[in-house]
A.B. asks: 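Below is the structure I would like to discuss, written out as structure tokens.
Just so you know, these numbers use all the heavy atoms, side chains as well, and skip hydrogens, waters and symmetry mates.
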Amino acid sequence: MSTHTEHQAPQGREPLDVNDPRLSRFEIMQEGARRDDIEIVHYEPQVVPGTKAERRLTRLVASMFLLTGLAATAFLVIYIWWPWKWEAGRGGDKYYTPLLGLTLGLALLGIGFGILTWGKKLLPKEVSIQDRHDQPGSPEDRKITGETMLFLADEMGVRRRPLLGISLLAGLAPVGAVAAAPLVGGLISNPHKNNQMFTTGFAPAEGKRIRLVREDGRPIRPADVSAGGQLTVFPGIEEGVSNKHADSPTLLIHLREDDAQASREANSRVGHGDYMWGNYAAFSKICTHAGCPASLYEQQTNRLLCPCHQSQFLITDNARPVFGPASRRLPQLPIEVDEEGFFVAKSDYTETIGPDFWERP
């Protein structure tokens with residue numbers, strides 16, 4: 001005896017045996033709907049199979065999917081290969097970002113309108129009435145569900161309209177690749193080439209140490225910063241104060257005697273025993289969390305605050321993060337005073353500036 005007898009068909013109708021081979025897929029689906037208290041009251045194809053109208057709509061939907069594929073492919077080409085060496089405001093480079101937005105927008109519009117047209121114009125119209133049904137499904141229910149899904153796949157016409165399936169695949173494959181574009185682009189454009197991720201404006205040029213200068217370019221002597229004071233400094237090179245060296249702003253701090261002693265001891269623990277000059281220490285101002293300028297220095301606690309996300313760094317302990325989302329200390333710049341009495345960087349930073357990334361030296 002079939003287990004489906006526990007189901008009661010509406011309006012006194014006897015449930016059908018869904019294992020009866022004489023039933024069509026639609027009849028099984030309809031029976032399943034009845035058992036879930038769903039009554040299909042109207043089901044009508046919108047276009048007659050094999051007609052010119054169906055072929056025209058199929059070509060329209062396929063063209064939208066192909067447009068999606070072309071636009072997504074163009075996005076990948078622009079993102080990864082053009083321009084190979086980007087410079088702000090240089091010729092056609094200024095169209096880089098707009099073209100990325102245009103191609104990605106076309107890809108999303110194409111897939112959206114394609115699916116909408118497919119559903120609105122090619123799929124049959126259906127009107128059903130459904131009651132709430134929260135009981136667990138039986139094996140028969142699962143069979144019905146499976147047959148229903150296959151029936152819907154048939155109704156979508158993928159088998160009968162192979163152009164739609166092929167065009168959908170051709171359109172979605174590049175869209176999927178777009179999601180991986182940042183990773184692919186990062187691998188192709190080597191971020192480690194010429195140590196571009198690890199070099200700042202303080203890197204010695206032709207063996208010459210770089211001076212620490214004010215925003216107006218004047219070099220700095222130790223007497224220019226009083227005990228407990230601090231000063232933002234930049235590399236004393238051409239355009240060292242400009243955005244060309246946006247990773248170079250540094251905070252030069254004149255620590256009080258006791259604080260300086262604590263800082264020297266902390267430096268010694270991490271192998272930075274010669275990074276300070278006297279009671280002076282210099283740390284990067286680029287927050288290691290999100291790259292904001294960490295520039296609010298509190299003398300009493302020796303904490304440096306990043307105002308963006310409230311990360312705090314303890315200067316007397318190698319600028320270790322003691323509060324907020326930052327998890328890595330601020331890099332320290334090794335400094336000394338040259339023969340003319342001005343501060344210079346003994347070398348470039350020895351740690352990565354700013355936010356951490358997936359591969360560190």
Side-chain angles (χ1 to χ4, degrees), residues 195 198-288 291 293-299 301-306 313-320 329-354:
N195 288 326
F198 313 118
T199 303
T200 73
F202 288 107
E206 299 178 352
K208 184 179 179 182
R209 296 169 299 177
I210 304 300
R211 280 180 173 172
L212 280 58
V213 301
R214 295 178 174 83
E215 189 171 3
D216 58 8
R218 289 181 297 154
I220 301 167
R221 297 178 184 275
D224 294 335
V225 186
S226 58
Q230 47 82 26
L231 186 67
T232 298
V233 297
F234 305 87
I237 59 175
E238 185 178 0
E239 299 185 87
V241 187
S242 70
N243 284 335
K244 184 176 181 180
H245 296 280
D247 56 355
S248 299
T250 299
L251 195 66
L252 176 65
I253 305 173
H254 186 178
L255 295 165
R256 294 186 177 89
E257 184 60 37
D258 292 344
D259 298 332
Q261 180 60 32
S263 185
R264 278 191 289 271
E265 292 175 357
N267 275 359
S268 297
R269 290 196 298 270
V270 296
H272 291 177
D274 59 346
Y275 275 38
M276 293 178 61
W277 186 87
N279 292 346
Y280 295 82
F283 292 91
S284 170
K285 288 186 64 175
I286 310 301
C287 181
T288 54
S295 55
L296 302 178
Y297 178 60
E298 188 179 57
Q299 293 182 8
T301 61
N302 286 304
R303 290 190 177 194
L304 185 61
L305 169 69
C306 175
F313 304 88
L314 184 58
I315 293 301
T316 52
D317 191 6
N318 298 304
R320 176 174 60 86
R329 67 188 182 192
L330 295 173
Q332 185 174 1
L333 182 69
I335 57 173
E336 61 183 358
V337 173
D338 64 12
E339 57 277 5
E340 296 182 25
F342 295 107
F343 276 114
V344 294
K346 296 174 68 175
S347 70
D348 198 358
Y349 282 98
T350 55
E351 296 177 276
T352 308
I353 298 298

A.B. asks: Just wondering, are more than 12 heavy atoms of other shown residues or ligands nearer than 6.0 Å to CG in Asn243?
C.D. replies: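 No, not enclosed.
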
A.B. asks: When rounded to the nearest 0.5 angstrom, what distance separates CD1 in Ile315 from CZ in Arg329?
C.D. replies: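 Those atoms lie 12.0 Å apart.
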
A.B. asks: Salt bridge or not for Glu339 and Arg209, using N-O below 4.0 Å?
C.D. replies: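 Result for this pair is yes, salt bridge flagged.
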
A.B. asks: For the salt bridge (charged side-chain N to carboxylate O under 4.0 Å, His left out) test, which of Arg211, Arg221, Lys346, Lys208 pairs with Asp338?
C.D. replies: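 Testing Asp338 for a salt bridge (charged side-chain N to carboxylate O under 4.0 Å, His left out) against Arg211, Arg221, Lys346, Lys208 leaves exactly one candidate, Arg211.
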
A.B. asks: For residues Leu296 and Leu304, determine if any side-chain heavy atom of one lies less than 4.5 Å from a side-chain heavy atom of the other.
C.D. replies: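 Side chain of Leu296 against side chain of Leu304, heavy atoms only: no contact under 4.5 Å found.
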
A.B. asks: Name all pairs fulfilling the salt bridge (Lys or Arg N to Asp or Glu O under 4.0 Å) condition that reach into residues 250-260, sequence neighbours left out, sorted by first residue then second.
C.D. replies: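 Sorted pair list: Glu257-Arg264.
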
A.B. asks: Heavy atoms only: give me the nearest Ser248-Pro235 pair and the separation to one decimal.
C.D. replies: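 Reported closest heavy-atom pair: CB-CD, 3.6 Å.
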
A.B. asks: Enter the distance from Leu231:CG to Tyr297:OH here, rounded to the nearest 0.5 Å.
C.D. replies: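 Here the interatomic distance stands at 13.0 Å.
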
A.B. asks: Which heavy atom of Tyr280 sits nearest a heavy atom of Ala223, and at what distance?
C.D. replies: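 Between these two residues, the closest heavy atoms are OH-N, 4.3 Å.
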
A.B. asks: Using side-chain heavy atoms (C-beta onward) and a distance below 4.5 Å, is Tyr275 in contact with Ile335?
C.D. replies: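 No - every pair of side-chain heavy atoms lies 4.5 Å or more apart.
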
A.B. asks: How long is the straight-line distance from CD of Glu351 back to CG of Leu330, given to the nearest 0.5 Å?
C.D. replies: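 Nearest 0.5 Å value for the CG-CD distance: 10.0 Å.
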
A.B. asks: Under 4.5 Å between any side-chain heavy atoms of Phe313 and Thr288, yes or no?
C.D. replies: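 The answer is yes; the side chains approach within 4.5 Å.
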
A.B. asks: Using 0.5 Å steps for rounding, measure from the CG atom of Asn279 to the CG atom of Leu255.
C.D. replies: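 Here the rounded value is 7.0 Å.
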
A.B. asks: Identify the two heavy atoms, one from Phe234 and one from Gly240, that lie closest to each other, and give their separation to 0.1 Å.
C.D. replies: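 Closest heavy-atom pair between Phe234 and Gly240: CB-O, 3.9 Å.
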
A.B. asks: Looking at every non-hydrogen atom in both residues, tell me the closest pair between Ile286 and Gly354 and how far apart they are.
C.D. replies: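 That would be CG2-CA, 3.6 Å.
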
A.B. asks: Can you see whether Asp247 engages Tyr349 through a side-chain donor-acceptor pair at a distance of less than 3.5 angstrom?
C.D. replies: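 Absent: no donor and acceptor within the cut-off.
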
A.B. asks: Are side-chain heavy atoms of Ile220 and Arg214 found at a separation under 4.5 Å?
C.D. replies: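 Result yes, sub-4.5 Å side-chain heavy-atom pair found.
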
A.B. asks: What do the steps show when you test Asp348 against Thr200 for side chain to side chain donor-acceptor pair (under 3.5 Å), and what is the final call?
C.D. replies: CA-CA 7 Å; Asp348 198 358; Thr200 73; 2.5 Å; yes

A.B. asks: Is the closest side-chain donor-acceptor distance between Ser268 and Glu265 under 3.5 Å?
C.D. replies: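 Absent: no donor and acceptor within the cut-off.
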
A.B. asks: CD of Glu215: more than 12 outside heavy atoms within 6.0 angstrom?
C.D. replies: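 Not more than 12 within 6.0 Å, no.
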
A.B. asks: Search all heavy atoms of Pro331 against all heavy atoms of Thr352 and return the closest pair with its distance.
C.D. replies: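 Shortest heavy-atom contact: CG-O, 3.3 Å.
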
A.B. asks: Do His272 and Pro334 have side chains that approach each other closer than 4.5 Å (heavy atoms only, starting at C-beta)?
C.D. replies: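 No, side chains not in contact.
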
A.B. asks: Should Thr350 and Gln332 count as side-chain neighbours, where that means a heavy-atom distance under 4.5 Å?
C.D. replies: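 Not touching, per the 4.5 Å side-chain cut-off.
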
A.B. asks: Could you go step by step and tell me if Arg218 and Asp216 meet the salt bridge (Lys or Arg N to Asp or Glu O under 4.0 Å) rule?
C.D. replies: CA-CA 6 Å; Arg218 289 181 297 154; Asp216 58 8; 2.8 Å; yes

A.B. asks: So, His254 side chain and Gly228 main chain: donor-acceptor pair closer than 3.5 Å or not?
C.D. replies: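 Looks like no, no N/O pair under 3.5 Å.
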
A.B. asks: Can Asp317 and Arg269 be counted as an ion pair, charged N to O under 4.0 angstrom?
C.D. replies: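 Counted as a salt bridge, because a side-chain N and a carboxylate O are separated by less than 4.0 Å.
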
A.B. asks: CD1 of Ile253 to OG1 of Thr316: how many Å apart, nearest 0.5 Å?
C.D. replies: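 It comes to 10.0 Å.
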
A.B. asks: Side chains of Pro219 and Leu212: closer than 4.5 Å at any heavy-atom pair?
C.D. replies: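 The answer is no; the side chains never approach within 4.5 Å.
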
A.B. asks: If the plane angle is over 60° it's perpendicular, under 30° parallel, otherwise tilted; pick one for Phe343 and Trp277.
C.D. replies: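 Perpendicular: the ring planes of Phe343 and Trp277 meet at over 60°.
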
A.B. asks: What pairs of residues pass the side chain to side chain donor-acceptor pair (under 3.5 Å) test when at least one of them lies in residues 230-239, not counting sequence neighbours?
C.D. replies: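 Every pair satisfying side chain to side chain donor-acceptor pair (under 3.5 Å) with a residue in residues 230-239: Thr232-Lys285.
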
